[in-house]
Structures are given as C-alpha cells and as structure tokens.
Amino acid sequence: MATIIDGTKVAAAVRERAAAAASELAAHGVRPCLAVVLVGDDPASASYVRMKERDCAEVGIESRDHRLVAETTQEELDALIDSLNDDPSVHGILVQMPLPAHLDAESVIARISPCKDVDGFHPESLGSLVRGLPGFRACTPAGVMEMLGAYGIDPSGMNAVVVGRSTIVGKPMALLLLEANATVTVCHSRTKDLPAVCRGADLLVAAIGRPKMIDASYVKPGAVVVDVGINRTDDGLVGDVDFESVEPIASAITPVPGGVGPMTRAMLVANTVAAASAR
Ligand code: NDP
C-alpha cells in the first residue's frame, strides 16, 4: 500500500504560509496584487481563472481581472501587458493559456516583466533555473518539489524519470530534480522502450496528457510516482497514471484529482506574495 501524497493538504499549508507573508506585507502597507488576463471565453480557462482568483482572495492577494474578447489583437494585448508591467501596484501577471490561435503566446510570455512572471514561463525565469540562480520557478514542477519535501522524499541520488518534455512541466521538472541531486532521465514520444526506462525509476513523474497510460508495467516496486496529468474523460478527471494498478506497488503516489493540481495553484499565490516581498 502506497502513501497517498495529499496535494490538497500540502497546498493548504503553502497557502497558509503565503497568507502569513501577505499579512506581514499588509502591515507595511503593501497588498500583493495579481493581474489576471483572460482572452476569449473558453469555459475551462474561465474556470481555472475563477479558482485562481478564489485562492488569491483566501490568501489576501488582490486579483485584478482583465477579460478581453477573443478578437483582441496582438497590439491590444501587448499594450495591456506593457501597462501592467509599468503599474507599481501590480506584483504578478498571469496570462491564462491557451491564447486564441491568432495571438503569439511566446511573445506575450516574453513581454511580461521577469520580476512579475509569477507563472515562471519567461525565458529569463527558465534561464535562471538552468543557471541555478534565484527566479520564479514554473508552478507545477515547483509544486511537485514542495509535495516531495512535505512527505520527506529526498530526490538526492534517486534515479528520476520524467515522462514529458514540455516547457511548462517536463523540462523545468527535470531541472528542479537535477538541482535536488537526482540522476534525471527525460522521456518523450520518441523514447525507445519507455516501460523499461520507467522501470529504472526510483521517482517517476508522468506529464504526458495520456489518460492512465502509466500502468504497473512501467513502475518498479517501491518507486515514488507523481502524476501531473489532468485528462477529462467520460469517466471524469483522470491522470496519466493508472492509479488502481500502480498504487499497490508504489511506495508513494499522488492521486488525481487532489494531487499535483492543487499544488500548481498554491505555488502561484506563493510566487505572487514572493514577487510583492521582493519589491
Ligand atoms: P504537452 O502536450 O505540452 O507535453 C506532453 C509531453 O508528453 C510531450 O513531451 C510528449 O512528447 C510526451 N508524450 C506524449 N505522448 C507520449 C507517449 N505516448 N510516450 C511518451 N511521451 C509522450 O503537455 P503538458 O506538459 O502541458 O501537460 C502534460 C499533462 O499534464 C497534461 O495532462 C496536462 O493537462 C497536465 N498538466 C497538469 C497541470 C497540473 O496543475 N496538474 C499543469 C500543467 C499540465 P513529445 O515532446 O515528443 O511530443
């Protein structure tokens, strides 16, 4: 029986710490503020934004809503980002992805001031991670590290396998694990004999976007398994890991829902309070 790594509980502790730091800032007359930019009317994005704004309210962060129509031009969006960069009362800027196809997400991310890049997606933030310098870390992988720490799981010396190489999850996850002294392998859709590579993992992180792909045949008995996947299926929300088959052989595992998901949102508020403190 694996230890179930309770992301909801760890996220609550992260929010509590952020709330304490926010109230200390308030005593100095500073209210952390997150500007939230949502372009278009994608219902899933709107629901993510609502949850993030609720988290902000709980922690004592002001969230400022900027809802733009789907037809917003690149120039209009750029002008909004510039004005948020210049506004000293805004500490963090979140542009909810995905953007409508006619907008250039990469250029929008690069336009955000790195000191307000609370999502940790800016090239400078990622460069800081590569160089081991201070900077905002992408919320999802940072949340995974926080969870491991909360459960006393030290990646040092472990063989860690990360399945997925996206810029928002897989790559920064691999770098954070490397920084924590794991021996890291990054896998992707061209990896040969993926199950065999995964079976070499003491710590396996699945960030693939394929419902329940990682079953027991990918997992070494006693491994720690982190499921980043969020997949909407006819059976509801499921991860990339087949929890039922993997849980009996893993030493610890994150569930979906209630695992990495709540951590991502908690790290966003933590980063926003840190951005306000830094200023
Ligand atoms: P991407 O689609 O950007 O990346 C998926 C990665 O998985 C790619 O590197 C891809 O390889 C790899 N991959 C796809 N199919 C296979 C396969 N059959 N075998 C091996 N590797 C494969 O996804 P994201 O990184 O954005 O997200 C991954 C998952 O995490 C999704 O389910 C997403 O919803 C979830 N997510 C959850 C978050 C949370 O808060 N819990 C936050 C962000 C994402 P290649 O590069 O070769 O194409």
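Here the structure is a predicted model, which is why all the values come from computation and not from measurement. Indexing begins at 1, ligand by ligand and atom by atom, following the structure's order.
Counting all heavy atoms, side chain and backbone alike, D104 lies closest to Q74 at N-OE1, 2.8 Å. When every heavy atom of M147 is checked against every heavy atom of T254, the shortest pair comes out as CE-CG2, 3.8 Å.
Annotation: atom 20 (C) of ligand 1 to nearest protein heavy atom, H188 O, 3.2 Å. At the top of the distance list for atom 42 (C) of ligand 1, counting protein heavy atoms only, stands T140 OG1, 3.2 Å. With respect to atom 22 (C) of ligand 1, the closest heavy atom belonging to the protein is I208 CG2, 3.5 Å.
Residue V228 touches ligand 1 through backbone and side chain together, judged by heavy-atom distances below 4.0 Å. Here M263 has no heavy atoms under 4.0 Å from ligand 1, in either its backbone or its side chain.
Under the 3.5 Å distance criterion, the side-chain polar atoms of D202 are left unmatched by any main-chain donor or acceptor of A223. Proximity of a side-chain donor or acceptor of T185 to a complementary backbone N or O of V161 within less than 3.5 Å is not detected. Proximity of a side-chain donor or acceptor of S125 to a complementary backbone N or O of G120 within less than 3.5 Å is not detected. For the pair H91 (side chain) and C33 (backbone), a donor-acceptor distance under 3.5 Å is present. For E247 (side chain) and A2 (main-chain N/O), a donor-acceptor pair under 3.5 Å exists by modelled atom type.
Ionic pairing of R265 and D55 is present here: one or more N-O contacts between side-chain nitrogen and carboxylate oxygen are shorter than 4.0 angstrom. Under the 4.0 Å criterion applied to side-chain N and carboxylate O atoms, K212 and D240 are not assigned as salt-bridge partners.
Heavy-atom contacts from other residues, nucleotides or ligands closer than 6.0 Å to NE2 of H28 number 12 or fewer. Crowding of E24 atom CD: a count of heavy atoms from other residues, nucleotides or ligands under 6.0 Å not exceeding 12.
Residue contacts with ligand 1 include M213, since one or more of its heavy atoms lies under 4.0 Å from the ligand. Using a 4.0 angstrom heavy-atom cutoff, A207 counts as in contact with ligand 1.
Near T264, with a cut-off below 4.0 Å to any heavy atom, the atoms of ligand 1 are 39 (C), 40 (O). Within ligand 1, counting atoms from 1 as listed, the ones closer than 4.0 Å to a heavy atom of N231 are 32 (O). For ligand 1, the atoms sitting less than 4.0 Å from at least one non-hydrogen atom of L194 are 19 (N), 20 (C), numbered in the order shown with element in parentheses. Proximity to G164 (heavy-atom distance under 4.0 Å) selects the following atoms of ligand 1: 6 (C), 7 (O), 9 (O). Listed by number with element, the atoms of ligand 1 under 4.0 Å from a non-hydrogen atom of G261 are 40 (O), 41 (N). Contact atoms of ligand 1 toward I168: 26 (O) (distance under 4.0 Å to a heavy atom of the residue). Set against the non-hydrogen atoms of V169, the atoms of ligand 1 under 4.0 Å away are 25 (O), 43 (C), 44 (C).
Nearest to atom 34 (O) of ligand 1 by heavy-atom distance, out of I214, T254, I230, L268, is I230. The heavy atom nearest to atom 15 (N) of ligand 1, out of those in R165, K171, R232, R210, is found in R210. Which of S166, G209, S189 comes nearest to atom 47 (O) of ligand 1 through a heavy atom is settled by distance: it is S189.
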